[in-house]
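Positions are given from 1, in the same order as the sequence printed here. Computation of the quantities below employed the complete heavy-atom set of this structure, encompassing side-chain atoms and omitting hydrogens, waters and symmetry-equivalent molecules.
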Amino acid sequence: MPNTNSDIWLSGAFAVVITDLMVYPFDTLKTRLQSPNYATVYKDATTGQIKRGVLFKDLYQGVGSVVLATIPASGAFFTTYEASKQALTRLLSTSTTSTTNHPQKPTPLLPTPLLHSMASCTAEAVSCFILTPAEVLKQNAQIVHSSAPTNSTTNPSHPKNITLTILHRFRHRPWKLWSGYTALLGRNLPFTGIQFPIFEFVKGKVVGYRDTNTKAKTAAGRGGDAGGSGTTSPDRNQNSIAERVYVTGIAGSVAGTISSVVTTPIDVVKTRMMLAATETAEEESVKRKRSGAWAVGKEVYGKEGVQGLFRGGALRAFWTAISFGIYLSMYEGGKVYLGNRRMEREQKIRRDEEGALL
């Protein structure tokens, strides 16, 4: 049964909140690894060893802002993605008529992976606009403690509400909350543009392999069971949800790993631009020459080489594989569950109406 927009929003919101809470510490570590002050703040200058007490401290700083923003951003993404995918398929397809004057399945004018890529990029542009302010607040909050003295366990100047403290810095320049939107979009467009075609492809292959095995098992066991009820039992619905979650999780993990590795340099540039959003006007005037994404990328490459552009890439690939697999499987499972619930309610209403007529 087709899902409604409310199904998509609820499934996406539930999936994104659970996933964000699970992987947020990894995201904080990735931000700190990509910070321009990583070598001076998170490593000991004399021994070169990582300061574990600093690097692994307060890993959930700034989580509130990103959770609140990703709920509408996720809903906007999936609603736009599903609508764009259907619209592009209709617009960029040709319908043919058979000799019996019955319309056949439309033939896409463009390859299906390209249609999925276009739909995901459209959805990402909408989602990023909602998400950018939260990303700026989050990433600046994640490194707030780096300016605190590291030789004391307690710091009186350490703010109690870090997110509000960071937000206070933007009171005179609220537009700076969208600093890094182009870099975020520049990272997420190729990320989703690569990710969703791979996801749809892998999912289709896994589903095809599973269906082939199911048909073979059914053919081998045919004759052992006679007949069937013709109705969908609750157990079968649960099996359907579990299968969708399993297949989606595998496809999401594969797609997330590949796309995250490819787009790590853009992610490093995005992180640097967002961390620079809280600089004062004087600091900006000194560093104005590196304000663009390309200039920031050149600066990182010039100072740290290729290693700097891929800093945090392994960690990002690891948690993206986990988070994207969990995220999409929960989203897909939520859609199936809500669709089944709605279908069961509608069937019950029809049965009650038929019973009343009798």
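Taking 4.5 Å as the limit, some side-chain heavy atom of Y301 sits within range of a side-chain heavy atom of V306. In this structure the side chain of T257 never reaches within 4.5 angstrom of the side chain of T320, judged on heavy atoms. Taking the side chain as every heavy atom from C-beta outward, L309 and T264 never approach each other to under 4.5 Å. Using a 4.5 Å heavy-atom threshold, the side chains of L275 and P36 count as touching. Between E200 and T112 there is no side-chain heavy-atom pair separated by less than 4.5 Å. A heavy-atom distance below 4.5 Å is found between the side chains of K85 and H116. When side chains are defined from C-beta on, I266 counts as touching P190, because their heavy atoms get closer than 4.5 Å. The closest side-chain heavy-atom distance from F170 to V136 is below 4.5 Å.
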Candidate pair K203 and T248, rule side-chain contact (heavy atoms from CB on, under 4.5 Å), full reasoning: CA-CA 6 Å; K203 187 173 73 170; T248 304; 4.2 Å; yes
Ring pair (Phe, Tyr, Trp, His ring centres under 6.0 Å) evaluation trace for Y81 with F196: CA-CA 10 Å; Y81 176 67; F196 273 87; 4.8 Å; yes
Derivation and outcome, ring pair (Phe, Tyr, Trp, His ring centres under 6.0 Å), residues F56 and F26: CA-CA 10 Å; F56 294 98; F26 296 104; over 10 Å; no
Test side-chain contact (heavy atoms from CB on, under 4.5 Å) applied to M274 and E135, step by step: CA-CA 8 Å; M274 288 186 168; E135 280 283 310; 3.7 Å; yes
side-chain contact (heavy atoms from CB on, under 4.5 Å) between S260 and F191, intermediate numbers included: CA-CA 7 Å; S260 63; F191 183 77; 3.9 Å; yes
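Taking each heavy atom of F324 and G256 in turn, the nearest pair found is CD2-N, 4.1 Å. Counting all heavy atoms, side chain and backbone alike, K51 lies closest to T40 at NZ-O, 4.1 Å. Considering every non-hydrogen atom in both L184 and C128, the closest pair reads CG-SG, 3.9 Å. Considering every non-hydrogen atom in both P113 and P197, the closest pair reads O-CG, 3.4 Å. In terms of heavy-atom proximity, A134 sits nearest to A69 at CB-CB, 3.2 Å. The two residues R32 and D58 make their nearest non-hydrogen contact at NH2-O, 3.3 Å.
In this structure, K138 NZ and D20 CG are separated by 8.0 Å, a value rounded to the nearest 0.5 Å. Between the CG atom in L131 and the CD1 atom in I71 there is a gap of 12.0 Å [rounded to 0.5 Å]. Here the NZ-CD1 distance, from K205 to I250, works out to 15.0 Å after rounding to the nearest 0.5 Å. Atoms CG and OG1, from L185 and T182 in turn, are 8.0 Å apart once rounded to the nearest 0.5 Å. For the atom pair CE (M343) and CG (L338), the distance works out to 12.5 Å, reported to the nearest 0.5 Å. Taking OH of Y181 as the reference point, atom OG1 of T132 lies at 6.5 Å (rounded to 0.5 Å).
Around atom CZ of R171, more than 12 heavy atoms belonging to other residues, nucleotides or ligands sit under 6.0 Å away. Taking a 6.0 Å sphere around CZ of F310, one finds it holds more than 12 heavy atoms contributed by other residues, nucleotides or ligands. Other residues, nucleotides and ligands place no more than 12 heavy atoms under 6.0 Å from the OH atom of Y209.
In the hydrophobic clustering of ILVMFWY residues, with side-chain heavy atoms under 4.5 Å counting as a link, F201 and L114 come out apart. Criterion: ILVMFWY side-chain heavy atoms under 4.5 Å apart, direct or through other members. Under it, I322 and I258 are not part of a common hydrophobic cluster. I326 and W319 end up in the same hydrophobic cluster when Ile, Leu, Val, Met, Phe, Trp and Tyr side chains are linked at under 4.5 Å. Under the 4.5 Å side-chain heavy-atom criterion for grouping Ile, Leu, Val, Met, Phe, Trp and Tyr, L328 is connected to V16 within one hydrophobic cluster. Linking Ile, Leu, Val, Met, Phe, Trp and Tyr whenever their side-chain heavy atoms come within less than 4.5 Å puts V207 and I198 in one cluster.
With 3.5 Å as the limit, one finds a donor-acceptor pair spanning the side chains of T46 and D44. A donor and an acceptor atom, one from each side chain of Y327 and S74, are located under 3.5 Å apart.
Between K303 and E299, at least one side-chain nitrogen of the basic residue sits less than 4.0 Å from a carboxylate oxygen of the acidic one, meeting the salt-bridge criterion. By the 4.0 Å N-to-carboxylate-O rule, E346 lies too far from R351 to be salt-bridged with it.
For the side-chain contact (heavy atoms from CB on, under 4.5 Å) test with V300, the passing option among R272, Q307, Q34 is R272; the others fail.
Applying the salt bridge (charged side-chain N to carboxylate O under 4.0 Å, His left out) definition to pairs two or more places apart or across chains, those involving residues 307-325 are D267-R316, E304-R311.
When atom types are taken as modelled, the side chain of S127 and the backbone of A73 share a donor-acceptor pair closer than 3.5 angstrom. Under a 3.5 Å cut-off, the side chain of S253 and the backbone N or O of A321 do form a donor-acceptor pair. Checked by atom type and distance alone, the side chain of Q61 pairs as donor or acceptor with a backbone atom of A141 at under 3.5 Å.
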